[in-house]
Visitor: 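Have a look at the structure that comes next, please.
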Amino acid sequence: MNIEGDIIASIEKAIAALYNTSDSQQVKIEKTKTDFVGDFTYVVFPIVRISRKSPEQTAEEIGQYLKTNASFIQDFNVIKGFLNLVIDPSIWLNYLETNWENTSFTRPSKNEKVMVEYSSPNTNKPLHLGHIRNNLLGYSLSQIFQHTGYDLIKANLINDRGIHICKSMLAWKLFGNGETPQSANLKGDHLVGKYYVVFETKLREQTAESIENALKGNFEFTQANIQNRYSDTLEKLKTATEEKQIAKLSDDIKEFVRNNSNLMIACQDMLRKWEAGDAETIQLWKKMNDWVYEGFNITYTKLGVSFDKYYYESNTYKLGKDLVQEGLAKGVFYQKPDNSVWIDLTADGLDEKLVQRGDGTSVYITQDIGTAELKFQEFGMNRSIYVVGNEQDYHFKVLFLIMQKLGKSYAQGMYHLSYGMVDLPSGKMKSREGTVVDADDLLNEMYETAKEKTIELGKTDGLSEEELNNLYTQLSLSALKFFILKVDPRKRMLFNPQESIDFQGDTGPFVQYTYARIRSILRQAGNNWQTAITATALHPAEINTIKVLYDFPAVLEDACKDYSPAIICQYCLDLARAYNRLYNEVSILRETDETLKNLRLKLAHHTAETLKFGLNLLGINVVERM
RNA sequence: GACCUCGUAGCUCAGCUGGAUAGAGCAACUGCCUUCUAAGCAGUAGGUCACAGGUUCGAAUCCUGUCGGGGUCACCA
């Protein structure tokens with residue numbers, strides 16, 4: 001039964017009967033706060049205009065009406081304008097009786113297709129903490145959508161082309177001496193990342209002196225246009241007073257010199273060769289990308305995330321260019337004298353935005369336009385969700401607007417789940433300052449911590465080596481995943497690697513522990529407890545736990561609507577807390593009253609299944625013992 | 001500078017579609033294992049919900065402004 005719906009209907013009836021009004025009121029009820037007596041609360045302030053009586057009197061009258069006319073309302077109390085309703089406990093018992101055997105909570109199909117794109121790495125460096133948040137959010141969101149009744153496709157768009165990829169390639173070619181992941185005994189993504197760093201280091205070494213000179217005005221560029229921009233910047237720098245401005249101008253000059261260096265010129269040359277399909281360049285590109293994918297796959301597997309479909313920017317940018325032509329033909333885009341293609345979004349409060357370079361090559365957004373179209377051509381989904389950090393808010397505003405203006409029907413289904421950055425105690429992660437927390441390192445450290453804590457507690461007698469390994473793995477992943485998913489995706493969050501992650505309190509292991517304790521009880525309970533219960537009195541802790549269980553379907557829908565795994569985390573904590581209180585206040589296996597014992601076992605069973613399902617939505621596995 | 005975002009206990013976070021006395025966890029202190037796993041439970045202490053106005057019967061929640069943190073404003077991705 002739908003308890004809230006029935007109550008609301010009864011209240012509406014009461015208002016109509018008592019105050020002789022025909023206009024239907026927007027009746028809303030909420031759960032009664034724990035400090036007050038009651039299950040549901042109706043706030044009467046909004047209808048005192050209709051009752052023309054004081055809030056207390058109005059609440060009293062409605063309460064009295066419900067008590068006599070609605071069989072499931074057992075009692076009520078009024079505090080100020082708050083009408084607290086106590087429903088017949090048999091309703092809760094009945095709910096448990098009809099639902100306790102459920103092991104799946106997947107909602108009925110909504111017949112809608114949803115794609116979630118997440119992870120979306122660059123192939124020039126290994127994954128870090130920021131990617132972990134992205135991956136965990138994306139995977140969990142996929143689970144949530146799928147179990148809320150959507151047909152779901154998990155997609156990963158790999159950024160496998162561009163100047164940054166060439167940097168690693170060039171550095172490996174020049175300084176790598178043929179090193180391979182095998183010879184270096186290094187994961188492929190880390191090896192490629194190493195050469196990305198090598199490139200930056202060499203570039204810094206080779207340009208340090210020139211930059212010094214250039215800042216003093218002693219530098220000559222071969223290309224006239226850069227020479228001109230350099231002179232301009234130099235002039236501005238001389239008169240600049242503001243610290244920020246000086247830094248910006250100095251950076252610009254630095255950039256001119258770097259771009260003028262032999263290394264960068266060789267790099268750009270390589271990019272041109274790549275775009276021209278030069279066999280040797282393509283071969284190197286494929287080899288190094290394969291190393292990276294091999295490395296990524298190891299990390300993905302460890303994290304427990306997966307994808308149904310991979311997109312590669314090297315494949316989609318061409319379709320993007322076709323769409324640019326389409327947009328030009330439609331008059332959505334326009335061309336400047338240098339042949340570059342733009343869209344004017346000033347009427348929508350945004351800027352003019354470049355969608356294709358003058359030389360005909362694509363920029364970031366060109367690729368995204370192409371990918372959006374390709375996704376829809378292949379899957380025809382109703383909704384397309386992008387799990388991408390909030391630093392790209394503007395980019396996605398522009399992208400969605402462009403797709404709309406191109407007249408793409410699917411544009412309205414595009415959604416950017418914009419999550420906040422992960423900060424360290426020292427502030428933002430910066431690769432230049434070496435403060436990036438590597439994903440593989442972090443997972444390994446978490447494993448060690450989980451192992452230590454578990455050994456400290458010494459409850460693992462009789463577990464095999466393999467079972468122990470699995471236990472440490474699941475505990476460490478649970479701690480990490482829960483820690484990250486617990487906070488609202490949209491907010492920035494702080495991660496302190498030193499203090500590591502707790503295994504006590506509001507944590508994944510706490511929820512797992514609650515599950516494991518229930519499993520322990522059920523293992524000892526035999527199987528003569530599943531008989532039907534028709535009537536019995538309920539302990540407050542039992543009612544409370546059933547109420548939380550009753551909430552789950554609505555919570556799942558909410559989490560989906562809000563794109564928020566955090567709502568599931570919060571729910572798991574609530575349920576675990578409710579059950580743990582019950583566990584502490586009453587006996588289960590030692591209960592002598594058979595009816596009560598059976599009731600509690602059903603309650604425990606249903607709690608365990610709900611926790612397991614909830615954790616799975618977060619990408620966390622349960623353990624049977626811990 | 002313009003635009004976007006965030007500001008809740010010492011710390012990390014809930015609560016934000018307006019409702020009662022603002023909640024958890026960590027850290028501190030106090031209890032509870034001869035009884036089902038103490039990675040647990042119960043309790044004490046800790047708050048001008050950044051600040052100032054406004055709307056409302058009612059504001060942490062909505063609006064405006066101020067201050068503070070972060071982000072974006074590339075022919076980078």
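Computation of the quantities below employed the complete heavy-atom set of this structure, encompassing side-chain atoms and omitting hydrogens, waters and symmetry-equivalent molecules. In what follows, chains are A, B, ... by sequence order, proteins preceding strands, each numbered from 1. These numbers were taken from a predicted model, which means no experiment stands behind them.
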Visitor: A:I521 side chain: which of B:A20, B:A24, B:C36 is closest?
Guide: B:C36
Visitor: With a 4.0 Å cut-off on heavy atoms, is A:L475 in touch with a base, just the backbone sugar-phosphate, or nothing at all?
Guide: base
Visitor: Looking at every strand, decide which applies to A:N84 at a 4.0 Å heavy-atom threshold: base, sugar-phosphate, or nothing.
Guide: base
Visitor: Within the 4.0 Å heavy-atom criterion, would you say A:V388 contacts the bases, only the backbone, or no part of the nucleic acid?
Guide: nothing
Visitor: Considering Watson-Crick and G-U wobble pairs with both distances under 3.5 Å, what does B:C16 pair with?
Guide: none
Visitor: Between B:C36, B:A20, B:A38, spot the one nearest the side chain of A:L589, thanks.
Guide: B:C36
Visitor: So does A:L463 get a backbone contact from the side chain of A:T460, meaning a donor-acceptor N/O pair under 3.5 Å?
Guide: no
Visitor: Is there a side-chain polar atom (N or O) of A:K459 under 4.0 Å from OP1 or OP2 of B:U37?
Guide: no
Visitor: A:L485 has an atom CG; how far is it from atom P of B:G25, in whole Å?
Guide: 21 Å
Visitor: Give one of base, sugar-phosphate or nothing for A:D359, where a contact means two heavy atoms less than 4.0 Å apart.
Guide: nothing
Visitor: Tell me which nucleotide, if any, is Watson-Crick or G-U wobble paired with B:U66 when both distances must be under 3.5 Å.
Guide: B:A50
Visitor: Side chains of A:Y419 and A:N134: any donor to acceptor distance under 3.5 Å?
Guide: yes
Visitor: What is the nucleic acid contact for A:S418, judged by heavy atoms within less than 4.0 Å: base, sugar-phosphate only, or nothing?
Guide: nothing
Visitor: Using a heavy-atom cut-off of 4.0 Å across all strands, would you classify A:E456 as base, sugar-phosphate, or nothing?
Guide: nothing
Visitor: Base of B:C13 relative to its sugar, syn (within 90° of 0) or anti?
Guide: anti
Visitor: What is the distance, to the nearest angstrom, from the CG atom on A:N584 to the P atom on B:U37?
Guide: 13 Å
Visitor: Quick one about A:Y394 and A:D351 (side-chain donor to acceptor, distance below 3.5 Å, no hydrogens or angles considered), yes or no?
Guide: yes
Visitor: Atom CZ of A:R590 to atom P of B:U34: distance rounded to whole Å?
Guide: 13 Å
Visitor: Is A:E557 paired with A:K561 through a side-chain N to carboxylate O contact shorter than 4.0 Å?
Guide: no
Visitor: Check the side chains of A:Y472 and A:E467 for a donor-acceptor pair under 3.5 angstrom, ignoring hydrogens and angles.
Guide: no
Visitor: With a cut-off of less than 4.0 Å, is there a side-chain N or O of A:N580 near OP1 or OP2 of B:C41?
Guide: yes
Visitor: Using atom C1' of each nucleotide, how far apart are B:G53 and B:A9 to the nearest Å?
Guide: 27 Å
Visitor: Establish, with yes or no, whether the OP1 or OP2 oxygen of B:G40 is under 4.0 angstrom from a side-chain nitrogen or oxygen of A:Y579.
Guide: no
Visitor: Ring-on-base stacking between A:F82 and B:A20, under 5.5 Å between centres and under 30° between planes: is it there?
Guide: yes
Visitor: Say you pick atom C1' in B:U55 and the same atom in B:C62; how far apart are they, in whole Å?
Guide: 8 Å
Visitor: Between A:Q392 and B:G71, does any side-chain N or O lie under 4.0 Å from OP1 or OP2?
Guide: no
Visitor: Looking just at side-chain N and O atoms, do A:N77 and A:N84 make a donor-acceptor pair shorter than 3.5 Å?
Guide: yes
Visitor: For a quick check under 3.5 Å, do A:Q512 and A:S478 share a side-chain donor-acceptor pair by atom type?
Guide: yes
Visitor: With heavy atoms under 4.0 Å as the rule, sort A:N122 into base, sugar-phosphate or nothing.
Guide: sugar-phosphate
Visitor: Could you tell me the Watson-Crick or G-U partner of B:U61, where both distances fall under 3.5 Å? Say none if there is no partner.
Guide: none
Visitor: Indicate, with a heavy-atom threshold strictly under 4.0 Å, whether A:T361 touches base, sugar-phosphate, or nothing.
Guide: nothing
Visitor: Any side-chain N or O of A:Y394 below 4.0 angstrom from OP1/OP2 of B:U72?
Guide: no
Visitor: For B:A45, which nucleotide in any strand shown is its Watson-Crick or wobble partner with both distances under 3.5 Å?
Guide: none
Visitor: Let me know the distance between NZ of A:K321 and P of B:C75, rounded to the nearest Å.
Guide: 17 Å
Visitor: Between B:A39, B:G71, B:U37, spot the one nearest the side chain of A:F503, thanks.
Guide: B:A39
Visitor: I want to check one thing: is the phosphate of B:A38, taken as OP1 and OP2, less than 4.0 Å away from some side-chain N or O of A:R517?
Guide: yes
Visitor: Under a 3.5 Å cut-off for both distances, is B:C3 Watson-Crick or wobble paired, and to whom?
Guide: B:G71
Visitor: What is the separation between atom CD1 on A:I588 and atom P on B:C36, rounded to the nearest whole Å?
Guide: 12 Å
Visitor: It should be established whether A:S520 places a side-chain nitrogen or oxygen under 4.0 Å from OP1 or OP2 of nucleotide B:U37.
Guide: yes
Visitor: Considering only the P atoms, how many Å lie between B:G23 and B:C49, rounded to the nearest integer?
Guide: 14 Å
Visitor: Is the closest side-chain donor-acceptor distance between A:Q570 and A:D574 under 3.5 Å?
Guide: no
Visitor: To the side chain of A:I79, which of B:U35, B:A20, B:G71 is closest?
Guide: B:A20
Visitor: From C-beta outward on A:P46, which listed nucleotide comes closest to its side chain: B:G19, B:A20, B:C76?
Guide: B:G19
Visitor: Check every atom of B:A42, B:U37, B:C75 against the side chain of A:R625 and return the nucleotide holding the closest atom.
Guide: B:U37
Visitor: Any side-chain donor paired with an acceptor under 3.5 Å for A:R161 and A:S362?
Guide: yes
Visitor: Report the distance from atom OH of A:Y42 to atom C1' of B:A20, rounded to the nearest whole Å.
Guide: 16 Å
Visitor: Please give the nucleotide sitting opposite B:C32 as a Watson-Crick or G-U wobble pair, both distances under 3.5 Å, or none.
Guide: B:G40
Visitor: So, A:D488 and A:R490, do they make that salt bridge, N to O below 4.0 Å?
Guide: yes
Visitor: Whether the A:D39 and A:T32 side chains hold a donor-acceptor pair (N or O, under 3.5 Å, no angle test) is what I'd like checked.
Guide: no
Visitor: Check if the side chain of A:T507 and the base of B:A39 share a donor-acceptor pair of N or O atoms closer than 3.5 Å.
Guide: no
Visitor: Taking protein heavy atoms under 4.0 Å as touching, what does nucleotides 3-18 of chain B look like 5' to 3' if B marks base contact, S marks sugar-phosphate-only contact and - marks none?
Guide: ----S----SSS-B--
Visitor: Which one of A:L599, A:L589, A:I588, A:L601 satisfies the side chain to side chain contact (heavy atoms under 4.5 Å, CB included) criterion with A:W529?
Guide: A:L601
Visitor: Across all strands shown, which nucleotide pairs with B:C11 by Watson-Crick or G-U wobble geometry, both distances under 3.5 Å?
Guide: B:G25
Visitor: Just how far, in rounded Å, is C1' of B:G23 from NZ of A:K31?
Guide: 14 Å
Visitor: Send over the distance from A:F510 CZ to B:A39 C1', rounded to a whole Å.
Guide: 9 Å
Visitor: Work out how far the P atom of B:U44 is from that of B:A52, and round it to whole angstrom.
Guide: 30 Å
Visitor: Check whether the side chain of A:D338 and the base of B:C75 form a donor-acceptor pair under 3.5 Å.
Guide: yes
